[in-house]
Amino acid sequence: MTTREPLASQRPGRPAARRLRPAARLVSAVAVTVSALAAQPAGAEGGGRAAGPGCAALAQTVLARSHVRSISSEVVPASGTLPAYCQVDLVPTRAVNVRVTLPLSTADAGTGGTYTGAWNGRVLNTGGGGYAGNLGDLGVAVQRGEVGSVTDTGHSSAWCDATDPRTGEANAQPGCGEAGGGFVLSPSGRLNTRQVDDFIDRSLHEQTVWALSLAKTYYGRAPRWNYWVGGSTGGRQGWQMAQKYGDEYDGFLIGYPAVNWNRFIIGEAWPAVVVNELLGPGGLSPAKSDAANAAAVAACDPEDGVRDGVVADPRRCTFDAREVEGLSAAEAEAVDLIWDGPRDADGNRLWGGITRGTTFSVLLPGGNTMSPLIETYVRNWLEQDPAYDWRKNLTTENFPRFFEASYRKFEKTAATDSTDLSRVRKNNGKILYYAGAADPLIVPFNSYNYQQRLFGRYGVQGTRSFVRTFYFPGVGHTEPDLAGTTDTRSRLLDALEAWTEHGSVPESFDQKGPTAGTGRTVCAYPDTATAPGAGASCTTRTSVPADLVAQSTTALDRR
């Protein structure tokens, strides 16, 4: 897109000072930085030559105006498909590391951008994965000519192993513990709430504010558009920013997110608890769980009118594992319980299960243990004991109590489940949201549940005016395979930017099928395609069918 848009301060309905608003919520060091940037010559805003320093002098320029723990800047030469860019690494506070990449400005001979130098005027704040702890790849932003940013969320293996001078012990578990989730727990078993805050919220806002600040310093011009993009943990981070700082972004691209943090993780301990109790140490062999899922696909695949080896909406697949040949009664019961998800003593749903047709191998590795990503939460976050033996303590009977404990413990600090998106709406922001209906790590129920609660708050049409959601059948914990030659992440970003900047609402995407010549049209939820296959139009639906509402809600949603 090369069409030039007016500056944020000139667009109707946008507050003139919006880009400086983040400074009011940060520590004084950042406020000083942004205040100094605001004093730059007005001529730079009008479209003239960039007034900022070159990359080599950028770090010193920032140091002269603000207080940061450390900062460096250098030009990274072009390599492969990546053009040269300016990279800034800084530690704005405590152990929070932030990296910002900037297309070369005119001061560094940058050309080809649609705004100034090699820059198109956009900032792309990128989320992390898992328990973070490192600086992720910003190649997409560099290739698109956008300023990119990322954070390690305030911890790394080196930080976890370093000695805390106040206590004389290491900051956290060795190497940050199992699957990196022990960064919140001291060696003596104390939960570090500052690290929880940094991981969930604080570091992400630092990341965004510094990306905006550095862009204005380097180019001498404020960004036109500010975006968040991320999947999994990065998707949860996007929702957190939308819920708390929604007026500071123009748009969000959010994929398969780890929202409902205090519920989804403990909920996904369920498969291991079921198998441990019903089947013992031998567990459920992967061959048998694969056979059960294959049988479910065979039974439910035709429900959408086409046989392509994909269950279109697993919520409507009610296949019973007792129909699978070769499963014992106990094995069939375990499979059905895993598909159904945990319930309380009265039969009320606590969380959803693995969808029928989706592998158990991620949440139930080897058929007899718990995913390290889930186990580390149970041990380090919930029980605050890295040696906690869940096999001896968690049962299907007492599981609701552990679920409730997780819900309560992090309800106010780490849930990321608020449906209050008033800041996004007030700012006329847009959210493009997507998830796979066969996600084996973050079960799709997580997204269906949050989506349904958004509908409950704003109504279907009210929600869709600023949130468009797409559920891709057969897709796991990744981006869908969309028709076309452009990579999926860029296709989705293009759609978000077209909606945000030009009002082109995303109605559908054509998804490639599992074999050549197959595919389907995926419509914005809850719309449905008018025909099987790709290239179909969408039928608008103003409500969600009652059976799907029931399949997407829990007993705790009333609170």
Side-chain angles (χ1 to χ4, degrees), residues 69-70 89-99 126-138 149-207 230-237 240 257-259 261-262 264-266 268-269 272 362-363 365 369-390 406 409-410 413-416 441-442 477:
R69 292 188 173 230
S70 69
D89 288 316
L90 70 151
V91 181
T93 181
R94 291 204 303 274
V96 174
N97 285 273
V98 172
R99 173 167 292 168
T126 303
Y131 288 95
N134 56 62
L135 296 172
D137 181 39
L138 291 174
S149 76
V150 69
T151 179
D152 65 357
T153 72
H155 68 275
S156 64
S157 293
W159 178 86
C160 288
D161 292 340
T163 300
D164 183 342
R166 299 170 303 172
T167 63
E169 64 178 9
N171 284 316
Q173 297 302 303
C176 292
E178 183 181 17
F183 68 94
V184 298
L185 190 66
S186 75
S188 59
R190 176 181 55 84
L191 188 70
N192 190 334
T193 56
R194 293 193 308 174
Q195 288 304 117
V196 173
D197 290 342
D198 280 344
F199 175 72
I200 294 295
D201 179 280
R202 195 156 40 203
S203 65
L204 315 173
H205 197 219
E206 292 270 6
Q207 166 192 346
S232 193
T233 289
R236 182 204 60 76
Q237 292 169 337
Q240 181 73 17
V259 287
W261 179 264
N262 56 335
F264 105 84
I265 298 187
I266 188 62
E268 294 189 346
V362 176
L363 292 181
T369 190
M370 188 180 291
S371 164
L373 290 166
I374 309 304
E375 187 176 58
T376 194
Y377 174 84
V378 173
R379 289 174 168 171
N380 293 298
W381 290 63
L382 183 58
E383 296 300 323
Q384 295 177 219
D385 177 2
Y388 183 78
D389 190 346
W390 59 266
S406 176
K409 186 170 186 176
F410 296 106
T413 59
T416 314
L441 178 57
I442 300 178
H477 196 67

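Fair warning: this is a prediction, and the values are worked out from it, not measured in the lab.
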Residue list, side chain to side chain contact (heavy atoms under 4.5 Å, CB included) with A179, at least two apart or on another chain: P372, L373, T376

What's the shortest heavy-atom distance between H155 and A132, and which atoms? NE2-C, 4.0 Å

Check salt bridge (Lys or Arg N to Asp or Glu O under 4.0 Å) between D198 and all other residues, then give those that pass, not counting sequence neighbours. R94, R202

To the closest 0.5 Å, what do you measure between CG (N262) and OG1 (T413)? 8.0 Å

Shortest non-hydrogen pair, A269 vs M370, comes out as CB-CE, 3.7 Å

Of all the heavy-atom pairs spanning G181 and W381, show the shortest one and how long it is. O-NE1, 3.1 Å

Taking G136's backbone N and O only, do any of them form a donor-acceptor pair with R99's side chain (distance below 3.5 Å, no angle check)? no

Short side-chain to backbone donor-acceptor contact, E268 and L363, under 3.5 Å: no

T151 (side chain) donor-acceptor with T153 (main chain) under 3.5 angstrom: yes

S406: partners by side chain to side chain donor-acceptor pair (under 3.5 Å), with sequence neighbours left out: Y377

Partner residues of S371 under the side chain to side chain donor-acceptor pair (under 3.5 Å) criterion, sequence neighbours left out: none

Mind listing the closest non-hydrogen atom pair of G128 and Q237 along with its distance? N-OE1, 2.9 Å

Tell me, please, which residues at least two apart from Q207 pass side chain to side chain donor-acceptor pair (under 3.5 Å). S149

Identify the two heavy atoms, one from Q195 and one from G154, that lie closest to each other, and give their separation to 0.1 Å. NE2-O, 3.0 Å

Rounded distance [0.5 Å steps], OG1 in T126 versus CG in L138: 5.0 Å

I'd like to know if the side chain of T233 reaches the main chain of G130, judged simply by a donor and an acceptor atom lying under 3.5 Å from each other, with no hydrogens or angles considered. yes

Determine whether the aromatic ring centres of residues F410 and W261 are separated by less than 6.0 angstrom. no

Run the side chain to side chain contact (heavy atoms under 4.5 Å, CB included) test against E169 and tell me which residues pass, sequence neighbours left out. T167, S186, P187, S188

Residue pairs fulfilling side chain to side chain donor-acceptor pair (under 3.5 Å) with at least one residue in residues 156-165, sequence neighbours excluded: D164-R166

Audit row: I265, L382, side chain to side chain contact (heavy atoms under 4.5 Å, CB included) steps and yes/no: CA-CA 10 Å; I265 298 187; L382 183 58; over 6 Å; no

Please report the shortest heavy-atom distance between R236 and L204, naming the atom on each side. NH2-CD1, 4.4 Å

Which residues pass the salt bridge (Lys or Arg N to Asp or Glu O under 4.0 Å) test with R194, sequence neighbours left out? none

Can you name the side chain to side chain donor-acceptor pair (under 3.5 Å) partners of Y131, sequence neighbours left out? none

Tested for side-chain contact (heavy atoms from CB on, under 4.5 Å) against D152, the lone hit among N97, V98, V91 is N97

The complete set of disulfide (SG to SG under 2.5 Å) pairs with one or both residues in residues 165-197, sequence neighbours excluded, reads C160-C176

Do any pairs count as a salt bridge (charged side-chain N to carboxylate O under 4.0 Å, His left out) and have a residue in residues 177-189, sequence neighbours left out, and if so which ones? E178-R379

